[in-house]
Amino acid sequence: FDDPDVAECLSLLHDKYVVVPADKASNNFVFICKAHYYNCLIRELGLFDHTGNPTYSLITQSKPEIIANHRSVLHSFGIDLNTDNENLPSLFWTPKLHKSPYKQRFIAGSSKCSTKPLSVLLTTLLAAIKDGLHKYCSMVYSHSGVNQMWILKNSKALLDNLDSHALKTVSHIKSYDFSTLYTTIPHAKLKSRLRTLIHSSFFSKNGKRRYQYLVINKYANNAYFVKNDSDASLKYSEDDVVRMLDFLIDNIFIEVGGHVFQQTTGIPMGTNCAPLLADLFLYSYEADFIQCLMKQKKKKMAQSFNFTFRYIDDVLSLSNPKFGEFLDFIYPKELEIKETTESPSSASYLDLFLEIDTKGNLRTRLYDKRDDFDFSIVNFPFMCSNVPSAPTYGVYMSQLIRYARASSFYKDFIFRGKRLTAKLMKQGYQAPRLKAVLKKFYGRYHDLVSPYSVSVSKLLSDLLPE
């Protein structure tokens, strides 16, 4: 800044505070006392606690030595490490303002680090393996009527799943959450479980090889299996994938205050493939549990888990009153899972609030953790910003689609729609253009609003009255 007064004020702010985005609301910035911020990092690392923290170990190996080793091993995998990535992840945290009292979400900043290229590659390869597992489980479900794939992509997938299975009535609802999932997964079990999944993707149950390689399609940014040899330059065998995965898990380092720590338990939240590793690790136990029930000729019991869903560390169980009794049989003892159900007939899950009515019908409406913030959040662009107006007004369309998909009742859709409309109007959006978007929404996505049995004029008068 050219203005010395402004530069001095910013310098004073930086001396006293750390400025970080709020968890769940990254467009909102929080000023945190620097001493408090550092103390939270120190406690997480267990530096001044005589018991320490089993997740992190302070090491004597230097940063240049670690990066040199990474460069050499990545080169053996056919991956070049450019100078931008010659770094180690830095540990930081963001405040969870929707919690009472406030809590911290610790993240390893891995946007530029020595394992970044490897993590990106593994993300593509593991995504292909996960897709293959989805297809296999769908085939098993269609033949046996038993679902062993609980993984969800998002809340829309949950709604689609419920519609496709014509779940007419629901008797019970339970939701659960894994505490500190990423930092409690044992490395030995993670590697063993994923090796088994990777092997099952390349071989049939009878031991016959199904595929030779996973090939990267660099133009579509995905991967696919090939049965025979391939002349593709980016092809990876089962052994290649396992070796890369083992190396990544064994070489998780973070840097804090000039000191280097090795993460000896769990996976860092921040590396590209972390969600896939956690997802596949938990899936391996869930699938084993269902398959064990089938081997014991307990098909009816296995089917009672058909309406179980999981998005990373959030679990939802429908019409299975005994689900909680089986948690210790499904998941490894190292992981802590706790119930988060709101009441015997309702639960919040992802961005949905689900409720069973008196007739046993499952009703949904939108749920937003940010509603619990005691301040107004910034989450949509302002018209005075440099964002072009066309995509800016597109925000209105996208949010109306989201609200309609999530809301079983018109009153819940309108409640959200009114709040959105008022907020956008305050941020400089023009009523005539919002009306045009609303009409377009009604025409293009009439299937979403048809259950409400309202006309476009009714929708306009409720959201944008004259």
Side-chain angles (χ1 to χ4, degrees), residues 55 70 73-74 76-77 79 108 110 115-137 148-153 178 180-205 207 209-216 222-225 235-253 262-292 310-313 315 330-335 337:
T55 301
H70 288 182
V73 175
L74 262 62
S76 72
F77 294 145
I79 302 171
S110 308
T115 54
K116 170 82 172 183
L118 178 60
S119 185
V120 170
L121 174 59
L122 281 170
T123 299
T124 305
L125 298 174
L126 293 174
I129 290 171
K130 180 180 171 181
D131 184 55
L133 292 170
H134 264 288
K135 292 175 181 176
Y136 169 75
C137 291
Q148 64 183 37
M149 174 57 73
W150 301 351
I151 297 175
L152 285 174
K153 290 183 179 179
F178 286 96
T180 58
L181 170 66
Y182 284 92
T183 54
T184 53
I185 297 176
H187 283 185
K189 288 186 177 180
L190 177 62
K191 290 193 286 187
S192 174
R193 286 277 167 169
L194 265 66
R195 281 192 206 111
T196 301
L197 286 183
I198 293 166
H199 179 78
S200 68
S201 297
F202 281 87
F203 287 84
S204 301
K205 282 189 174 182
R209 178 177 286 279
R210 297 168 63 203
Y211 302 110
Q212 290 285 346
Y213 295 104
L214 259 173
V215 175
I216 297 288
N222 60 17
Y224 57 92
F225 287 94
K235 61 180 181 181
Y236 302 92
S237 66
E238 174 195 357
D239 183 59
D240 292 333
V241 180
V242 169
R243 286 191 301 110
M244 289 190 292
L245 183 64
D246 284 353
F247 179 79
L248 181 71
I249 295 171
D250 290 336
N251 284 268
I252 301 172
F253 298 95
Q262 184 168 14
Q263 187 168 340
T264 53
T265 303
I267 47 180
M269 184 180 293
T271 192
N272 294 69
C273 64
L276 272 169
L277 294 178
D279 232 1
L280 293 172
F281 178 72
L282 294 178
Y283 161 80
S284 71
Y285 285 94
E286 293 156 356
D288 278 0
F289 170 72
I290 295 298
Q291 290 166 14
C292 181
R310 180 179 54 76
Y311 180 78
I312 312 295
D313 57 355
V315 181
I330 302 172
Y331 299 109
K333 62 182 180 180
E334 292 86 355
L335 304 185
I337 184 169

Roughly how far apart are [X] [atom1] and [Y] [atom2], rounded to 0.5 Å?
X: L194; Y: L280; atom1: CG; atom2: CG; answer: 5.5 Å
X: D246; Y: H187; atom1: CG; atom2: NE2; answer: 11.0 Å
X: S76; Y: M244; atom1: OG; atom2: CE; answer: 9.5 Å
X: Y224; Y: D131; atom1: OH; atom2: CG; answer: 14.5 Å
X: R193; Y: I185; atom1: CZ; atom2: CD1; answer: 12.0 Å
X: F225; Y: K235; atom1: CZ; atom2: NZ; answer: 15.5 Å

What are the two closest non-hydrogen atoms of [X] and [Y], and how far apart are they?
X: G270; Y: S110; result: O-CB, 3.7 Å
X: T184; Y: T180; result: OG1-O, 2.9 Å
X: N251; Y: F247; result: ND2-O, 2.8 Å
X: Y213; Y: S237; result: CD2-N, 3.7 Å
X: A128; Y: A223; result: CB-O, 3.6 Å
X: I267; Y: A278; result: CD1-N, 3.9 Å

Taking the side chain as everything from C-beta on, heavy atoms only, tell me whether [X] gets closer than 4.5 Å to [Y].
X: Y283; Y: C137; result: yes
X: F281; Y: L197; result: no
X: V120; Y: K116; result: yes
X: L277; Y: L122; result: no
X: L245; Y: R195; result: no
X: Q263; Y: T55; result: yes
X: Y285; Y: L335; result: no
X: T265; Y: T183; result: no

Q) Which residue, L126, T123, L121, forms the side chain to side chain contact (heavy atoms under 4.5 Å, CB included) with N272? A) T123
Q. side-chain contact (heavy atoms from CB on, under 4.5 Å) between I290 and E286: does it pass, once the steps are laid out?
A. CA-CA 6 Å; I290 295 298; E286 293 156 356; 5.9 Å; no
Q: Mark yes when over 12 heavy atoms from residues, nucleotides or ligands other than Y311 sit less than 6.0 Å from its OH; otherwise mark no.
A: no
(Q) I'd like to know whether Y182 forms a side-chain contact (heavy atoms from CB on, under 4.5 Å) with I312, so could you lay out the CA-CA distance, the side-chain angles of the two residues, the decisive distance to 0.1 Å, and finally the verdict. (A) CA-CA 10 Å; Y182 284 92; I312 312 295; 3.6 Å; yes
Q: Evaluate the side-chain contact (heavy atoms from CB on, under 4.5 Å) criterion for residues T196 and S284: first the C-alpha distance (whole Å), next the side-chain angles of each, then the deciding distance (0.1 Å), finally the verdict.
A: CA-CA 9 Å; T196 301; S284 71; over 6 Å; no
Q: Specify whether H199 and F203 have parallel, tilted or perpendicular ring planes, treating 30° as the upper limit for parallel and 60° as the lower limit for perpendicular.
A: parallel
Q.
Would R243 pass as a cation-pi partner of F77, given that its NZ or CZ must be under 6.0 Å from the six-membered ring centre and within 45 degrees of the axis?
A. no
Q.
Can a donor-acceptor pair be found, under 3.5 Å and without considering hydrogens, that links the side chain of S119 to the backbone of C273?
A. yes
Q: Can you tell me which residue pairs pass the salt bridge (Lys or Arg N to Asp or Glu O under 4.0 Å) test with a partner in residues 266-283, sequence neighbours excluded?
A: K130-D279, D279-R310
Q | Results of ring-ring contact (aromatic ring centres under 6.0 Å, His included) for F289 - residues two or more places apart only | A | F305, F326
Q. Could you walk me through whether L125 and D240 pass the side-chain contact (heavy atoms from CB on, under 4.5 Å) check?
A. CA-CA 11 Å; L125 298 174; D240 292 333; over 6 Å; no
